[in-house]
Amino acid sequence: MADAAAWLARLQRADVSERDGLEFEAWLAAAPAHKTAYRRTLAMWHEFESCTDEVLTELTTQARHETLRRTPTRRGWMVGAGGAALAAALAVAVVPGLVTEPAAQTFATGKGERRKITLADGSMIDLNAETSLSVRLTRSAREVTLADGQAIFDVTHDPARPFTVAAAGRIVRVVGTRFDVRSRQGELAVTVAGGKVRVAPATSTAPGRAFLLTPGQRLEVDRAGVEQLKAVDPEETLGWRIGRLVYRGEPLANVVADLNRQFEHQIEISDPELGKMPITGVIVVDDQAAVMARLTLMLPIRSVPSQRGLLLLRK
Amino acid sequence: MAPSGPSRKAADDGALVQAFFEKRESLLLFLASRTRCMATAEDLIQDLYLKLAAMDAGTDVRAPSALLYRMAANLMIDHVRSTQRSSRRAGQWRMETRALLSGEDIVDEPAADEVVVAKERVRQLAEAVAALPPQMGRAFRLHKLEGMSQAETAQAMGVSVKMIEQHIQAAIRNLSQRLRT
């Protein structure tokens with residue numbers, strides 16, 4: 001005999017039809033208790049719907065605690081990646097590994113280079129210029145170490161294999177989502193475009209607290225470990241993938257540092273005060289000469305040739 | 001509450017509209033099986049009403065019930081298609097969900113803490129899922145939490161679709177009992 005649970009499950013069929021509807025209606029009408037039971041079951045169903053990601057994160061956390069309790073001496077998986085400034089993107093195995101442990105693969109991009117890689121699980125990673133990261137896929141985990149740089153992660157759902165990114169002493173943990181991690185000179189920024197992302201200190205004794213980020217949130221951790229949670233438009237942060245750098249009040253020095261990762265001719269700022277000038281705007285990264293021309297039109301600056309490349313001066 | 005049609009008198013209503021008002025609650029509960037909350041189901045039933053109110057009043061409807069449920073099933077499938085894949089993981093939907101969650105528990109708290117406040121209930125829900133028998137728990141997780149269809153879940157687990165429906169059914173029964181407040 002069918003009950004509320006049976007009906008709710010049946011109505012989840014992909015090809016649910018009028019026949020299901022008519023029979024459902026007949027069942028509802030057969031006894032007042034049916035409607036009460038169905039409504040109660042539905043409330044539970046909707047409650048799960050309102051926090052699927054939180055529950056998934058919690059399940060993953062619980063499972064991890066189980067694992068840690070069972071194997072307290074589990075080998076750390078963070079491996080140092082190879083040279084950061086390789087001229088071209090390449091994939092090389094840097095850790096031969098044990099027979100049972102798959103080796104980590106390292107991917108790196110050079111100056112002005114962006115690269116999209118697809119992992120065996122279908123997840124995709126966009127690497128910004130001068131970025132180095134290593135990936136290790138095992139049966140129970142998907143582990144990325146971002147040595148230096150910036151990357152956008154499109155993670156496929158696989159609850160059995162949590163996806164983690166280790167960067168700047170933190171662990172970013174997800175089930176399936178899209179987010180950007182930027183780790184430069186010890187500073188970390190994690191921006192979430194979809195799903196939920198957990199950022200926690202890499203070890204339980206390390207300073208800092210855990211954050212659960214939702215779309216539109218960015219967690220910034222500076223060199224001193226000070227955390228700041230901001231509301232952002234994730235598409236702006238992720239814009240570099242399509243060659244657009246979006247800034248809101250970013251110091252000119254940081255903008256220049258970004259451009260110097262994109263172009264061969266290095267830009268220098270003569271005056272530290274000039275470097276603090278806040279920049280707001282969109283920079284389309286195409287040709288360096290064009291970019292510089294637009295910048296000098298937009299800002300009270302001019303550029304002159306220098307030994308290394310270009311020198312920025314006040315107008 | 002029944003939506004009011006544009007200056008339409010009950011006597012003028014066709015069999016279809018009459019049947020709609022009689023069956024409104026059943027139709028709503030039918031639709032709610034696939035929406036994320038009752039409010040969305042209300043939106044869908046409004047859509048259903050608008051669709052059938054727009055139909056020719058003279059249309060000869062021999063089986064109004066069947067037609068209503070056919071329209072409702074189509075609406076439901078379209079709704080699932082448009083929300084499940086794209087916006088399930090997209091920002092807007094999540095933000096709404098968060099507002100919903102926090103609305104019950106707290107007011108005027110910083111965004112970062114919302115999760116912490118609702119956490120106790122989330123922990124209860126997760127524990128209830130973790131306590132399910134392995135296969136049942138896996139089916140529930142993939143289908144309900146990861147948003148896979150019953151067919152995709154069946155493929156992922158290497159069992160039949162029918163088996164998935166049975167797992168889900170048992171999981172619902174188990175969770176309802178465990179989480180009853």
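Chain identifiers are assigned alphabetically (A, B, ...) following the order of the sequence lines, protein sequences preceding nucleic acid strands; residue numbering begins at 1 within each chain.
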Q. Taking the side chain as C-beta and beyond, is there a heavy-atom pair between Glu127(B) and Leu59(A) under 4.5 Å?
A. no
(Q) Looking at chain A, which one of Ala73(B), Ser65(B), Ala126(B), Ala170(B) has the largest number of heavy-atom pairs inside 4.5 Å, strictly under? (A) Ala126(B)
Q) Side chain, backbone, both or neither: which part of Leu125(B) has an atom under 4.5 Å from a heavy atom of chain A? A) both
(Q) Salt bridge or not between Glu165(B) and Arg13(A)? Use side-chain N to carboxylate O under 4.0 Å. (A) yes
Q: Sort Met38(B) into side chain, backbone, both or neither according to what part of it lies under 4.5 angstrom from a heavy atom of chain A.
A: both
**Q.** Proximal component of Leu142(B), with respect to chain A [non-hydrogen, under 4.5 Å]
**A.** side chain
Q | Pair Glu18(A) + Arg70(B): basic N to acidic O under 4.0 Å | A | yes
**Q.** Segment of Ala72(B) engaging chain A (4.5 angstrom heavy-atom cut-off)
**A.** neither
Q) Which of the residues Met76(B), Glu25(B), Met71(B) is involved in the greatest number of heavy-atom pairs with chain A at under 4.5 angstrom? A) Glu25(B)
Q) Hey, does Val16(A) have a side-chain heavy atom less than 4.5 Å from the side chain of Phe30(B)? A) yes
Q: For residues Ser33(B) and Trp7(A), determine if any side-chain heavy atom of one lies less than 4.5 Å from a side-chain heavy atom of the other.
A: no
Q. What residue, out of Val55(A), Val192(A), Asp20(A), Thr41(A), has the most heavy-atom pairs lying under 4.5 Å from chain B?
A. Val55(A)
(Q) Looking only at heavy atoms and a cut-off of under 4.5 Å, which of Arg19(A), Gln12(A), Lys35(A), Arg39(A) has the most pairs with chain B? (A) Gln12(A)
Q: Answer with side chain, backbone, both or neither: which region of Leu22(A) has an atom nearer than 4.5 Å to a non-hydrogen atom of chain B?
A: both
(Q) So that I know where these two stand, are Tyr69(B) and Phe24(A) an aromatic pair - ring centroids less than 6.0 Å apart? (A) no
**Q.** Test side-chain hydrogen bond (donor to acceptor under 3.5 Å, both in side chains) applied to Arg170(A) - qualifying residues, sequence neighbours left out
**A.** Glu227(A)
(Q) Can you list everything that forms a salt bridge (charged side-chain N to carboxylate O under 4.0 Å, His left out) with Glu25(A)? Sequence neighbours excluded, please. (A) Lys23(B)
Q: Drop me the distance from Met44(A)'s CE to Ser176(B)'s OG, to the nearest 0.5 angstrom.
A: 3.5 Å
Q) What part of Ala32(B) is in contact with chain A, defined as an atom under 4.5 angstrom from a non-hydrogen atom: side chain, backbone, both or neither? A) both
Q: Specify whether Phe48(A) and Phe140(B) have parallel, tilted or perpendicular ring planes, treating 30° as the upper limit for parallel and 60° as the lower limit for perpendicular.
A: perpendicular
